[in-house]
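Quick note: residue numbers are just sequence positions, from 1.
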Amino acid sequence: MNIRNIKYTLFFFSAMTMASCASQKAATPVKAPVKSENPALPPKPAAAIPPDETFRTILPDIKREFRGAWIASVANINWPSRNNLSVDQQKAEAMAMLDMLRDNNFNAVIFQARPSADALYTSNLEPWSYFLTGQTGVAPYPNYDPLQFWTEEAHKRGLELHVWLNPYRAHHSNGGSPNSLSMVNKLSEIVIRLKNGMYWFDPADPKTQGHVSNVVKDIVKRYDIDAVHFDDYFYPYATYNRGADFPDNKTWNDYLNSGGTLSRADWRRDNVNKFVERIYKEIHAEKNYVKFGISPFGIWKPGYPAGVTGSSQYDELYADARLWLNKGWVDYFSPQLYWPIESKGQPFEALLSWWKSENTMNRHLWPGLNTVEIRSSDRPAEIKNQIEVSRQVLGNDAGEVHWSIAGLTKNPNMLFTLKNGPYKEKALVPKSPWIKTVPLQTPSLFINNNGSSVQVSWSVKNIKDVFQWVLFTQYNGVWETEILTLDQLSKEIPKMKDGKMLNAVAIKAIDRLGNESDYTAKMLK
């Protein structure tokens, strides 16, 4: 290409970019005439666009919203549906759930891999879960690793996999009698039996904090997960001990004897605060890109905001969740806002707005929604409306987590309402700009003419850093976007669609934190 053609081409693409931004209604681009430096001379004639040349343009923003669902293993609430399923049945149930989430434009799954000091994964630290095989410490047969399976299958479908761990529960009352392999017996010196049959680790004991820390680090190190997730159970709810105070006299007296001056309540909160900060830092020290999320009870304290009534996580669970958000010890926060929009004592929008006002470090705030049993005569409509309210309050960083997947699998009208309403289009997860990563390389783009269609393919050198692709196609000057899974490296695209002509194609790579690479765009021959 000579210098004159290069000048013409650059001018044309600049003009095209301005036109695309202004109207997005341009037809197939044609090079604009170039004014002569001598006003007495007529404009120079337009030149043809060199085919298959890369060019710069303005691509549309990609839709973003976190759309997750909790999958509970404790008491076989969601998966596996029974503790005596075969491995093939377990896998089939898992894939059906993941297919459903993918097909209905979700982008994340929060999978409970450690319901009560046990493991739905291969672990040298804790025993196989009763809820997986019907007996604590017994491996599935034939042996496989459920967490690895869930992670790989989620990623194949373009879904993030968040590992949900219950930090302090040592044994669930639905988990059979604790046997010799149970942590209740292996770590009996730091475990407390509650009056409802649950067993709890003492959060104040350094051995508890060290053990749970080791469990978290082990998972983060060995599995290709996207996040670690804690729920709302810190110190247990008062009903678990039938209203009696949590029996931590030993560690409390040790604290007093060491010269401690905090009140018992403040001391308990301090135990949890230090633990949350520690876990956050240790996760990012092991793998910087793995997020840490917590889904606390939806009310910090009654009266915050004004008019809110109900339980106080601050006073009952000794969980100062507001502090964790203020300090930025999480990457995302999902307060469990399980009440209707019109609730008098727990108004959904007011609570969400209050949590947003406390989000001083600008972490992700994605409320938990009670999709299973929200008190409403029309649950699908209520959940749809809560999503719309969340979008209004949270803006471009919107998202939500559904409790639980049963609210989707057992209520076809819920899925229909979401898929044909707020989840009509796929979305990427919002970016996490406070987590620093190496920028992705720009993909290469290749186009082969197949007559009535073109075969488009793409590649990038460091594909291990890529999680998804976004393909852009331009028909009659209007860009359309499509989010694709990592394994899709080509696509056949029709030259004509709905009477419109294909003008150009572009591709971007997306990393596991939702960050975008630069794009490569090409005109069609």
Is a side-chain N or O of Asn78 found less than 3.5 angstrom from the main chain of Ala72, in a donor-acceptor match?
yes
Verify the ring-centre separation between Phe230 and Phe292: is it less than 6.0 angstrom?
yes
I need the minimum non-hydrogen distance between Gln148 and Tyr223, along with the two atoms involved.
N-CE2, 3.9 Å
Donor on one side chain, acceptor on other, Ser263 and Asp266, under 3.5 Å
yes
Can any side-chain N or O of Ser188 pair as donor or acceptor with the backbone N or O of Val184 at less than 3.5 Å?
no
For Asn396, I'd like to know if atom CG has over 12 heavy atoms of other residues, nucleotides or ligands within 6.0 Å.
no
For Arg268, run the salt bridge (Lys or Arg N to Asp or Glu O under 4.0 Å) check against Asp202, Asp315, Asp245, Asp320 and tell me which one passes.
Asp245
Validation row, ring centre Tyr168 to ring centre Phe201 under 6.0 Å:
no
If you measure only the distance, is there a donor-acceptor pair under 3.5 Å linking the side chains of Glu93 and Ser81?
yes
Under 4.0 Å between a side-chain nitrogen and a carboxylate oxygen: does that hold for Glu152 and Lys156?
no
Regarding Thr136 and Asn179, do their side chains bring together a donor and an acceptor under 3.5 Å, going by distance alone?
no
Determine whether Lys217 and Glu286 satisfy the following criterion, salt bridge (Lys or Arg N to Asp or Glu O under 4.0 Å), listing intermediate values before the conclusion.
CA-CA 7 Å; Lys217 287 185 292 187; Glu286 182 64 44; over 6 Å; no
Sidechain-backbone polar pair: Lys426 side chain, Glu482 backbone, donor-acceptor under 3.5 Å:
no
Do Trp434 and His364 have ring centres separated by under 6.0 Å?
yes
Determine, step by step, whether Tyr318 and Phe234 satisfy the ring-ring contact (aromatic ring centres under 6.0 Å, His included) criterion, reporting the C-alpha distance in whole Å, the side-chain angles of both residues, the deciding distance to 0.1 Å, and the verdict.
CA-CA 7 Å; Tyr318 303 99; Phe234 293 95; over 10 Å; no
Check: Trp366 ring centroid to Tyr332 ring centroid under 6.0 Å
yes
Taking the six-membered ring for Trp, is the centroid-to-centroid distance between Trp355 and Trp300 below 6.0 Å?
no
Pairwise salt bridge (charged side-chain N to carboxylate O under 4.0 Å, His left out) hits with a residue in residues 71-85, at least two apart:
none
Basic-acidic side-chain contact under 4.0 Å: Asp270, Lys274:
yes
Is the closest side-chain donor-acceptor distance between Asp231 and Asn166 under 3.5 Å?
yes
Look at Glu160 together with Lys291 and state whether they make a salt bridge at an N to O cut-off of under 4.0 Å.
yes
Pair His402, Ile387 - check side chain to side chain contact (heavy atoms under 4.5 Å, CB included), show working.
CA-CA 10 Å; His402 294 263; Ile387 293 170; 4.1 Å; yes
Ring center gap for His172 and Tyr130 short of 6.0 angstrom
no
I'd like to know whether the aromatic ring centres of Tyr237 and Tyr233 sit less than 6.0 Å apart in this structure.
yes
Taking all heavy atoms of Gln90 and all of Pro80, pick out the closest pair and write down the distance.
CG-CB, 4.2 Å
Can you name the residues that form a salt bridge (Lys or Arg N to Asp or Glu O under 4.0 Å) with Glu425, not counting sequence neighbours?
none
For Val393, is there any backbone N or O sitting under 3.5 Å from a side-chain donor or acceptor partner on Lys356?
yes
Can you list everything that forms a salt bridge (Lys or Arg N to Asp or Glu O under 4.0 Å) with Asp218? Sequence neighbours excluded, please.
Arg222
Basic-acidic side-chain contact under 4.0 Å: Glu277, Lys327:
no
Between the main-chain N or O of Ile435 and the side-chain N or O of Ser432, is there a donor-acceptor pair closer than 3.5 Å?
no
Under the 3.5 angstrom rule, does the side chain of Arg363 hit a backbone N or O of Val330 as a donor-acceptor pair?
yes
Just one of Trp164, Trp79, Tyr121, Phe149 clears the ring-ring contact (aromatic ring centres under 6.0 Å, His included) bar with Phe111, so which one?
Trp79
